[in-house]
There are 4 protein chains.
Amino acid sequence: MSPRTENQYEQIRENRKHQIMHVALELFAEKGYSTTSINAIASRAGISKGLMYNYFSSKEALLREIVHSGMAELMDVFDPNKDNFLTDEEFVFFINESFRIVQDRKYFWKLYFALLAQPAVLNVFDNRLRDTVLPLIRIMTDYFRRKGFTDPESEALLFGALMDGVALNYLYDPEHFPVEKIKKVIIERFG
Amino acid sequence: MSPRTENQYEQIRENRKHQIMHVALELFAEKGYSTTSINAIASRAGISKGLMYNYFSSKEALLREIVHSGMAELMDVFDPNKDNFLTDEEFVFFINESFRIVQDRKYFWKLYFALLAQPAVLNVFDNRLRDTVLPLIRIMTDYFRRKGFTDPESEALLFGALMDGVALNYLYDPEHFPVEKIKKVIIERFG
Amino acid sequence: MSPRTENQYEQIRENRKHQIMHVALELFAEKGYSTTSINAIASRAGISKGLMYNYFSSKEALLREIVHSGMAELMDVFDPNKDNFLTDEEFVFFINESFRIVQDRKYFWKLYFALLAQPAVLNVFDNRLRDTVLPLIRIMTDYFRRKGFTDPESEALLFGALMDGVALNYLYDPEHFPVEKIKKVIIERFG
Amino acid sequence: MSPRTENQYEQIRENRKHQIMHVALELFAEKGYSTTSINAIASRAGISKGLMYNYFSSKEALLREIVHSGMAELMDVFDPNKDNFLTDEEFVFFINESFRIVQDRKYFWKLYFALLAQPAVLNVFDNRLRDTVLPLIRIMTDYFRRKGFTDPESEALLFGALMDGVALNYLYDPEHFPVEKIKKVIIERFG
DNA sequence: CATGAATGAGTCTTCATTCAT
DNA sequence: TATGAATGAAGACTCATTCAT
């Protein structure tokens, strides 16, 4: 009789929104942003095309929200308020964490690399990307400096590139990429 | 005003084809495959849309030919008929070569990563990719085995991943990626 | 906390209805009927989309009711029960009244002309329009006949057209249209 | 075998463009701009939807080109290079011309009034409208001044409004509007 | 060999309307 | 009575591909 409460509506919206973002992330990661149609998203989410636009003003807005929410989660994980100091133990922990994050959120990372590899299409990352990565690079630089390397910054950048490459190989050819072994080798080599 | 010889026609066709592929590679790399229209390709190549279809049966066929020709060139460079043996000197040479190749053919590699990151869209690489990479991995495995590593295969895979990551960073953020320094560090660390 | 009486409910409904019609008239006049969305109306009226349909069965029904109510008001003003006789004094009064009506209800007249200029879309006026205008034309015809014109009916039609044109110019380019002066000239010329 | 000549293509384009504009003008005038779908235009023109966009970049661009081309024609007719002087004879000629123009291009004028009555939607006329009308008003002002009127400018504006109103009545209710008689009355009254 | 007009399926998006609550 | 989530049909626009010339 009476309309739903504010709270009920809030709940419905929250759920739907997550559902749409979830489904869209999967499709964007699998088939690419421009190859994924709103139709496909709506149909996999089991809703009508029109409803999508009740939650996101456009396909691009949907993508942006997915990316930003993913990035936000990420920043939470790589807690930036930890002191700039990385012990050997923490370094190992950091590597483990990184692997876990990629493994836990494969879809997000696939989308990440797909978008990265096509910057002219949609600059979705703004400065957020560098803002996230830079502190990490700095911490790693410090770490390698303390380890006595002559060019710790390049060392850090190399390490970053290595992690990118590992993620790439893991995501796109997991069958031929023995993650655990690789992790071990990394720790031996860089830890 | 005598009619052109068979050969001259052949020559014209060949040139046109290369021209189209060249232009298309640039556009695909910059803007992505699905975002690049036949119109854009034809217009940048200075020919008519219709003519495109005289040389390539479809947009996808064009892409495939670009990729395959690029892969073929690649295999030529990493000459597979060299013995499976990699001296320290040759290792350094190999790294230098790898860097040169990426730097020389940026467009191809951008397209490569973009396609890699979206396998569901177009499986352009068939088995060609593994066929190219596997021998390299084997050679590297041998190399690392001789160096005395306990898990030389993972070491080789890691090295491959590293090179991927380095290429990625170089291609998509060249300004913040000091290639030469990185190269040096790689040689020190892995050579 | 006693329940509202029938009458109070009736009152509320009436108010809501007026409010919706008022807001819709403004929007239709400003942006056009088909360009105005139900959403826009509801939101400017501060109610929900659904409630709109509680008062009007459709967008078109809303438009019709707006137009008809406007026309009804109009007929009240140009009281048809006055005798068919128009003295010189009454003629001046009639002109003044006409100007006042247009100035007082700009939105309605804008909508009126917009709808008039697009009869194929929505024939909202049915016969009502002619029913309203015809008596006026007759009265004017009589007036001009008494003034001794040879073709009083055409004279009356011309006068009607003139008033239309004046309204049009006033409504859509008020800055460049000196209404008061124009009114004076009309009275001089036709009075 | 060989492609069409430049000229042939030019010819084809010219024809198609006119055809589309012609059909679109009719529909816009009859049903209104926003109520007329590209589908309707294409289908009445006997072409595919897509082809429309080969000639006009958007629906709005199509409208603009129709309006501008109509305005251009108009300016040709009301030749602006005539001296600013209007004899009695010329005045009569001017009125006749005006009637002829409206009668000859009913669709254009219907569209004109429909757009005028909905300025917020699309400001298609820019300044073109005033640029066209202002010189006419000036000429009329001079004319009425020479005739000895005390407020010749208002007289001219009134005359303009009258012509608008006449056009309106003629276009939207031709059956009840005896143009020829009206014309006669205008000449008598204002000539 | 070469052109570009033409097609039509498919894309994103909007919006009047319905309905469970 | 009142809400706004949900639908679905329709709209503007794009683009790979075909084909007469």
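So that the names make sense, note that chain A is the first sequence line, chain B the second, and so on, each numbered from 1.
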Quiz item: Taking OH from B:Y33 and C1' from F:dA16, how many angstroms apart are they, rounded to a whole number?
Solution: 9 Å
Quiz prompt | For DNA chain E, the dot-bracket pattern of Watson-Crick and G-U pairs whose distances stay under 3.5 Å, | for other-strand partners | solution = .||||||||||||||||||||
Quiz item: What parts of residues 45-54 of chain B reach DNA chain F, counting only heavy atoms under 4.0 Å away?
Solution: B:K49, B:Y53
Practice problem: With sequence neighbours excluded, give me every salt bridge (charged side-chain N to carboxylate O under 4.0 Å, His left out) pair touching residues 105-119 of chain A. | Solution: A:E73-A:R105
Self-check item: Atom-pair distance (CZ on D:R4; C1' on F:dA20), nearest Å
Solution: 6 Å
Quiz item: Across the strands shown, which category fits A:T36 at heavy-atom distances under 4.0 angstrom: base, sugar-phosphate, nothing?
Solution: sugar-phosphate
Quiz item: Under the ring pair (Phe, Tyr, Trp, His ring centres under 6.0 Å) test, which residues partner B:Y112, sequence neighbours left out?
Solution: B:W109, B:F125
Practice problem: Please list residues of residues 13-25 of chain A whose heavy atoms come under 4.0 Å from any atom in DNA chain F, ordered by number; otherwise none. | Solution: A:R13, A:R16
Practice problem: Can you measure from CD (D:Q118) to NZ (C:K31) and round to the nearest 0.5 angstrom? | Solution: 10.5 Å
Quiz item: Excluding sequence neighbours, so at least two apart, what forms side chain to side chain donor-acceptor pair (under 3.5 Å) with A:Y55?
Solution: none
Quiz prompt | Validation row: B:F113, B:L116 side chains within 4.5 angstrom (heavy atoms) | solution = yes
Quiz item: Between B:K59 and B:Y33, is NZ or CZ placed under 6.0 angstrom from the six-membered ring centre and within 45° of the ring axis?
Solution: yes
Self-check item: Pairs meeting criterion salt bridge (charged side-chain N to carboxylate O under 4.0 Å, His left out) with involvement of residues 33-42 of chain C, two or more places apart
Solution: none
Quiz item: Who pairs with C:A72 by side-chain contact (heavy atoms from CB on, under 4.5 Å), at least two apart in sequence or on another chain?
Solution: none
Self-check item: 5′-ward residue of the pair A:Q8/D:Y55 relative to DNA chain E
Solution: D:Y55
Quiz prompt | Heavy-atom check, side chain of D:L63 versus side chain of D:F56, under 4.5 Å | solution = no
Practice problem: Applying side-chain contact (heavy atoms from CB on, under 4.5 Å), name anything that partners C:S58, two or more places apart in sequence or on another chain. | Solution: C:E60, C:A61
Quiz item: What is the distance, rounded to the nearest whole Å, between atom CG of A:N7 and atom C1' of F:dT3?
Solution: 15 Å
Quiz prompt | Partners passing ring pair (Phe, Tyr, Trp, His ring centres under 6.0 Å) against C:Y53 (at least two apart in sequence or in another chain) | solution = none
Exercise. Check if the side chain of C:Y9 and the base of F:dT1 share a donor-acceptor pair of N or O atoms closer than 3.5 Å.
Key: no
Quiz item: Between B:S57 and D:N39, which has a closest nucleotide on DNA chain F that is more 5'?
Solution: D:N39
Quiz item: Rounding to a whole Å, what distance do you find between B:L63:CG and F:dA16:P?
Solution: 13 Å
Quiz item: Rounded to whole angstrom units, what separation is found between the CG atom of B:L62 and the P atom of F:dA16?
Solution: 11 Å
Quiz prompt | Which residue lies more 5' along DNA chain E, comparing D:E6 with A:S58 via nearest heavy atoms | solution = D:E6
Quiz item: Rounding to a whole Å, what distance do you find between D:I38:CD1 and E:dG10:P?
Solution: 21 Å
Quiz item: Expressed in angstrom and rounded to an integer, what is the separation of C:I41 atom CD1 from F:dG4 atom P?
Solution: 17 Å
Practice problem: Rounded to the nearest angstrom, tell me the gap between atom NZ in B:K59 and atom C1' in F:dT18. | Solution: 17 Å
Please tabulate, one pair per line, all N/O donor-acceptor pairs under 3.5 Å involving side-chain atoms of residues 12-24 of chain D, not counting sequence neighbours.
unit_1 : atom_1 : unit_2 : atom_2 : d
D:R13  : NH2    : D:N54  : O      : 3.0
D:N15  : ND2    : D:Q11  : O      : 3.4
D:R16  : NH1    : D:Q19  : OE1    : 2.9
D:K17  : NZ     : D:E65  : OE2    : 2.8
D:H18  : ND1    : D:E14  : O      : 3.3
D:Q19  : NE2    : D:A45  : O      : 2.8
D:H22  : NE2    : D:E26  : OE2    : 3.3

Quiz item: What does C:F56 touch in the nucleic acid at a heavy-atom separation under 4.0 angstrom: a base, only the sugar-phosphate, or nothing?
Solution: nothing
